[in-house]
Amino acid sequence: MPMATGITVTNQDIAKILREIAELLEIKGETYFKTLAYTRAADTVDKLDFDLSEVKGEEELRQIKNIGSSIAKNIWEILQGRECQKHRELLLQFPPTLLELLEIPGLGPKRAKALFESRGVRSIEDLVVLIKDHGLRDLPGFGEKTEQNILRGIEQYRRHRERLTIFRADSISRRIVEELRRRTGLELISPAGSLRRMRDTIGDIDILAGSAERPYVIGEFCNLSSAYEVLARGDTKSSIRTADGIQIDLRVVERDRYGSALMYFTGSKEHNVQVREIAVALGYKLNEYGLFERASDRLVVSATEEEIYGRLGLQFVHPYLREARGEVEMAKEGKLPRIVSLEEVRGDLHVHSTYTDGGNSIKEMALEAKRMGYEYVGLTDHALNLKVASGLTVKDLKRQFEEIDYLNEKLGGIRILKGSELNIGLDGSVDYDPEILAQFDFTVASIHGGFGRSREEQTQRLIRAMENPYVTTIGHLTGRIINKREPYQLDLETVLEKAAETGTILEINSFPDRLDLKDDDIFRARRYGIIFSLGTDAHSTQHMELIRFGVATAGRGWLEKKDLINTYPLPELLKIFGRKKARL
DNA sequence: GCCGTTTTCGGCCCGACTGTTTTCAGTCG
């Protein structure tokens with residue numbers, strides 16, 4: 001239901017308000033479980049697969065898990081365009097800028113409350129001034145060390161507000177795991193947390209090791225070349241910070257507890273909660289040290305994740321699926337999807353060459369594709385209207401096609417497909433006339449300008465583009481660039497319906513700064529029976545290996561081999577590419 | 001505040017680490 005202003009409230013807007021209520025309740029000093037209820041409700045709302053704006057009343061809201069009568073009332077107020085009373089009352093007691101303090105490492109609700117109530121601190125700025133005036137010294141529970149830590153925390157917060165892209169987190173963790181292995185001879189070591197789950201962005205990097213010599217491993221970790229600062233150092237757990245402010249946590253467990261610890265530290269937290277509930281129902285207890293019989297406390301299994309899932313009567317859940325999106329239920333029924341793997345990918349369907357803004361020739365790109373074991377590579381240089389990337393004229397295209405024909409004949413073992421990255425104009429039109437478009441094996445049409453158009457305009461633009469029989473694929477559909485640009489305003493459901501109706505393929509742009517469509521959107525789109533395509537958007541041969549991030553994103557969206565055209569052998573691929581043209 | 005195939009009342013995650021304290025509170029994941 002639209003608000004009085006005509007702006008639709010999204011599930012994310014509502015989740016944000018619920019999360020703020022939880023934080024404010026925490027500051028207020030409410031019982032932990034009350035705040036937990038609001039946090040859980042926020043998480044649930046964030047992950048719903050339908051829009052709350054479609055809900056008819058409070059009664060319907062209460063049907064949703066983790067939403068009871070109170071929270072249903074809160075949400076209903078928001079949906080009707082009114083202010084949420086609970087939220088308002090709390091904000092009268094504590095200024096909204098106080099929430100910012102919670103973002104500082106080392107500062108939690110208790111200290112935020114103490115700072116506000118006894119020293120009138122309302123924001124990070126206030127806090128900095130107070131510390132400079134030494135106004136923190138005589139506050140109970142705050143010592144000199146705490147003062148230092150808070151100052152450092154503020155510095156880190158200001159410098160490092162953005163989350164790491166998966167690419168950066170992955171590179172850093174590989175380097176660290178490699179160095180630790182070399183120094184200690186560790187065999188059991190792996191990234192854990194959201195990095196192992198391959199989320200698109202990562203906060204801190206978590207690493208787990210299994211070793212009989214825990215203090216020794218911790219010691220070596222703290223001595224790593226990239227350990228600029230040691231934040232914490234205990235017997236089983238330690239945190240360091242790199243020179244550019246990235247926090248890395250290491251946990252070391254006994255070797256025979258590695259599986260349960262890996263499961264625990266991989267998360268997600270919500271997934272773990274659901275698995276733990278199953279353990280409890282079966283008379284077990286599950287924590288990072290293993291699966292135990294509840295009555296006797298006897299250890300049942302702990303060495304591998306497979307054993308633990310197995311003992312609980314569950315299929316092994318791939319880390320990419322551990323997001324509490326129904327996977328635990330499916331694992332119980334033995335119906336988990338067999339998510340697509342890197343080995344199944346036969347080609348990259350979005351790469352550029354020196355014909356436009358790429359750094360390598362067509363031949364170099366093709367040879368790299370061949371080296372990677374691909375059957376085909378889809379060359380999609382920029383089209384006419386993208387002047388900044390010297391989009392190809394009809395004359396350029398003729399020359400490019402001749403070169404492709406020549407290379408296809410000469411190289412062998414790799415097929416270069418004639419493609420184009422078309423620009424979707426403000427009216428939904430694309431760069432070339434139909435007789436030119438008909439000559440491509442396939443096209444990827446993307447939005448490259450007019451990002452700020454309204455939701456309606458953007459949606460219409462995309463619909464018109466999809467109605468074009470020569471538009472095979474829509475590239476980076478939502479236009480987000482991680483940490484830099486928000487997605488455009490868009491009615492995703494309408495666009496997805498249209499893609500299904502017209503047989504338009506949706507790209508999963510695998511460049512780590514984009515990962516667009518993102519996992520949640522893929523998960524939603526999947527139900528429409530849409531087919532997807534992977535493309536790295538490579539502008540050099542080095543970029544082509546980034547396809548693995550696209551594969552991970554596809555897996556996180558529950559895609560199987562059949563859902564991704566890059567897994568199809570060439571003849572079937574070409575058949576699908578021709579299908580839409582043939583309709584018209 | 002939410003939930004229920006042990007429960008409509010009594011559970012919900014709790015262990016590790018730091019810092020300020022002398023036996024524990026706050027934070028984090």
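These values consider heavy atoms only, across backbone and side chains, with no hydrogens, waters or symmetry-generated copies. Numbers restart at 1 for each chain; the letters A, B, ... are given by sequence-line order, proteins then strands.
Every residue was checked against the side chain to side chain donor-acceptor pair (under 3.5 Å) condition with Glu26(A), not counting sequence neighbours, and none meets it. Applying the side chain to side chain donor-acceptor pair (under 3.5 Å) test to Glu220(A) and every residue at least two apart in sequence or in another chain returns Arg183(A). Every residue meeting the side chain to side chain donor-acceptor pair (under 3.5 Å) condition with Arg524(A), not counting sequence neighbours, appears here in chain and number order: Glu493(A). Not counting sequence neighbours, Asp516(A) has no partner by the salt bridge (Lys or Arg N to Asp or Glu O under 4.0 Å) test. When the side-chain contact (heavy atoms from CB on, under 4.5 Å) test is applied to Ser225(A), the partners found at least two apart in sequence or on another chain are Glu179(A). The side chain to side chain donor-acceptor pair (under 3.5 Å) test applied to Thr184(A) returns no partner, not counting sequence neighbours. Contacts of Phe116(A) classified as ring-ring contact (aromatic ring centres under 6.0 Å, His included), with partners at least two apart in sequence or in another chain: Phe94(A).
Within residues 319-331 of chain A, no residue has any heavy atom closer than 4.0 Å to DNA chain B. The stretch residues 107-115 of chain A comes close to DNA chain B through Leu107(A), Gly108(A), Pro109(A), Lys110(A), Arg111(A), each having a heavy atom under 4.0 Å from the strand.
Distance noted for atom P between dT21(B) and dG26(B): 12 Å (whole Å). With C1' as the reference atom, dT23(B) and dT18(B) are 15 Å apart, rounded to whole Å. Atom name P, nucleotides dC9(B) and dC14(B): the rounded distance is 23 Å, in whole Å. Using atom C1' as the reference point in both dT5(B) and dG1(B), the two lie 23 Å apart (nearest Å). dC13(B) and dG4(B): their P atoms are spaced 14 Å apart (whole Å). A distance of about 16 Å separates the P atoms of dG11(B) and dT6(B), rounded to the whole Å. A distance of about 24 Å separates the P atoms of dC12(B) and dC17(B), rounded to the whole Å.
Residue pairs meeting the salt bridge (charged side-chain N to carboxylate O under 4.0 Å, His left out) criterion with at least one member in residues 206-215 of chain A, sequence neighbours excluded, are Arg214(A)-Glu254(A). Listed by first and then second residue, the salt bridge (charged side-chain N to carboxylate O under 4.0 Å, His left out) pairs that reach into residues 65-79 of chain A are Lys73(A)-Glu77(A), sequence neighbours excluded.
Counting non-hydrogen atoms under 4.0 angstrom, Leu139(A) reaches nothing in the nucleic acid. Lys86(A) comes within 4.0 angstrom of the backbone, heavy atoms only, and of no base. Looking at heavy-atom distances under 4.0 Å, Thr236(A) makes contact with sugar-phosphate atoms alone, never a base. Asn149(A) comes within 4.0 angstrom of sugar-phosphate atoms only, judged by non-hydrogen atoms across all strands, and of no base. Within 4.0 Å of Glu26(A), counting heavy atoms only, lies no atom of the nucleic acid at all. Using a 4.0 Å heavy-atom cutoff across all strands shown, Ser69(A) reaches sugar-phosphate atoms only and no base atom.
Atom CD in Glu144(A) sits roughly 12 Å away from atom P in dG19(B) (whole-Å rounding). Between the OH atom of Tyr284(A) and the P atom of dT6(B) there is a distance of 15 Å, given to the nearest Å. The CD1-P distance, from Ile150(A) to dC28(B), rounds to 10 Å in whole Å. Residue Glu58(A) contributes atom CD, which lies 15 Å from atom C1' of dG1(B) at whole-angstrom precision. Distance Leu18(A) CG to dC2(B) P: 10 Å, rounded to the nearest Å.
Here dT8(B) sits opposite no nucleotide as a Watson-Crick or G-U wobble pair (both hydrogen-bonding atom distances under 3.5 Å).
For Thr146(A), no side-chain nitrogen or oxygen approaches OP1 or OP2 of dG26(B) to under 4.0 Å.
Nearest to the side-chain atoms of Ala232(A) among the listed nucleotides dC28(B), dT18(B), dC2(B) stands dT18(B). With distances taken from any side-chain atom of Lys145(A) to the nucleotides dG19(B), dT6(B), dG1(B), the minimum falls on dG19(B).
Distance check, rounded to the nearest 0.5 Å: CD1 of Ile21(A) to NZ of Lys28(A) gives 11.5 Å.
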Check: protein-nucleotides 12-14 of chain B nitrogen or oxygen pairs below 3.5 Å:
from    : atom 1 : to       : atom 2 : distance (Å)
dC13(B) : OP1    : Arg40(A) : NH2    : 2.9
dC13(B) : N3     : Tyr32(A) : OH     : 3.2

* Asked: Would Ile205(A) and Asp249(A) satisfy side chain to side chain contact (heavy atoms under 4.5 Å, CB included), going step by step from the backbone distance to the final call?
  -> CA-CA 6 Å; Ile205(A) 295 175; Asp249(A) 299 335; over 6 Å; no
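In this structure a side-chain-to-backbone donor-acceptor pair under 3.5 Å is missing from Ser510(A) to Leu534(A).
DNA chain B is contacted by both Thr31(A) and Pro140(A); Thr31(A) maps to the nucleotide lying nearer its 5′ end (nearest heavy atom per residue). Along DNA chain B, the nucleotide closest to Leu231(A) and the one closest to Ile104(A) are compared, and the more 5′ of them pairs with Leu231(A).
A salt bridge links Asp297(A) and Lys285(A); the closest N-O separation between the charged side-chain nitrogens and carboxylate oxygens is under 4.0 Å.
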